[in-house]
Amino acid sequence: MITRFAPSPTGPLHLGHAFSALKVWEAAQAANGTFLLRIEDTDSTRVRPEYEALIYDDLAWLGLTWPTPRRQSDHYDDYWKVLDHLQHQGLIFPCSCSRRMIEAAGRGYGPDGPIYHGACENRSMGEARPTDAIRLNIAKALRLLPREITYIDTGSKVTVDPTTLVHTVGSPILRRIQTGDPAYHLACTHDDALQEVTHVIRGKDVAALTPIHVMLQTLMGWPIPIYHHHDLITDDDGKRLAKINKSRALTTYRAEGLTPSDIRQMVGL
Ligand code: GLU
């Protein structure tokens, strides 16, 4: 078993991250497998080096160890090779639509935010500008996909009719607008394949994005890992802990003198 914890250094780790990291760690230990740490630092507008440093400190403090982490920002060329491959298949297009424009088109919201209305779908890659987003053309992708895609999530078989993604997501983003950074779906699925991750263990907050990932894996011929989406740690009001909530940062608890076993107890492990 190879599994991974893949935080984004856009804020300090909080109790929810500790819970997730420990779940991943324990699964790897129980199977005598490998625990990988991956730094998902592709959102250049939000990533900060001090948060990356805190990830290493907090996880080491919790007692975890890992081989050299993969930092996604060091590997943009890998992600552009995936785009080249998809471009050769005629599956991607440049898009200049802002979030506001997509929202104004009124298709509503899905698991990946406002549902894309397809305005740029007929543009060719020849006219792509560096500030354009790049999207996967969902209609064209459907022609190459089987009628059903299946994967295991939390012990059950999930069957998705890929045509439903037209209505729930639209053409998913692969390269971000303005910054030109690789988008999460692209970098995450590429790296899970490259790192031969067999078990993806992560929070339920991203469970609804997994069909997008499985679609990309299918198009790229990558193996489909086994997924497990664990419960989320909530605060006293039942609200999901956000990174914004600095008071619940692990570093704060560390500074207050709590121990890793206190943290385990707080998250119910
Ligand atoms: N970087 C993502 C996050 O922090 C990782 C999600 C995943 O494990 O795929 O939410």
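We're numbering straight along the sequence, starting at 1. In listed order, ligands and their atoms are each counted from 1.
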*asked:* Closer than 4.0 angstrom, basic N to acidic O: yes or no for R4 and D191?
replied: no

*ligand 1 versus S8, non-hydrogen atoms closer than 4.0 Å: side chain, backbone, both, neither?*
both

_Sidechain-backbone polar pair: R129 side chain, P94 backbone, donor-acceptor under 3.5 Å_ = no

*Under a heavy-atom criterion of less than 4.0 Å, does F5 contact ligand 1?*
no

*asked:* Can you name the atoms of ligand 1, numbered from 1 with element, that are less than 4.0 Å from a heavy atom of C188?
replied: 9 (O)

_Sub-4.0 Å heavy-atom approach of R4 to ligand 1_ = yes

*For this output row, return yes or no: ring centroids of H17 and H14 closer than 6.0 angstrom.*
yes

*Can you figure out which of P9, A6, G11 has its heavy atom closest to atom 5 (C) of ligand 1?*
A6

*side chain to side chain donor-acceptor pair (under 3.5 Å) assessment of R202 paired with H230*: CA-CA 6 Å; R202 59 187 179 189; H230 58 70; over 6 Å; no

*asked:* Is there a polar contact, in the sense of an N or O pair closer than 3.5 Å, between P7 and ligand 1?
replied: no

*Considering only heavy atoms of E40, which atoms of ligand 1 have at least one such atom less than 4.0 Å away?*
1 (N), 2 (C), 5 (C)

_K204 with D231: basic N within carboxylate O range, under 4.0 Å_ = yes

*Is it true that D181 and R46 have a side-chain N and a carboxylate O under 4.0 angstrom from each other?*
no

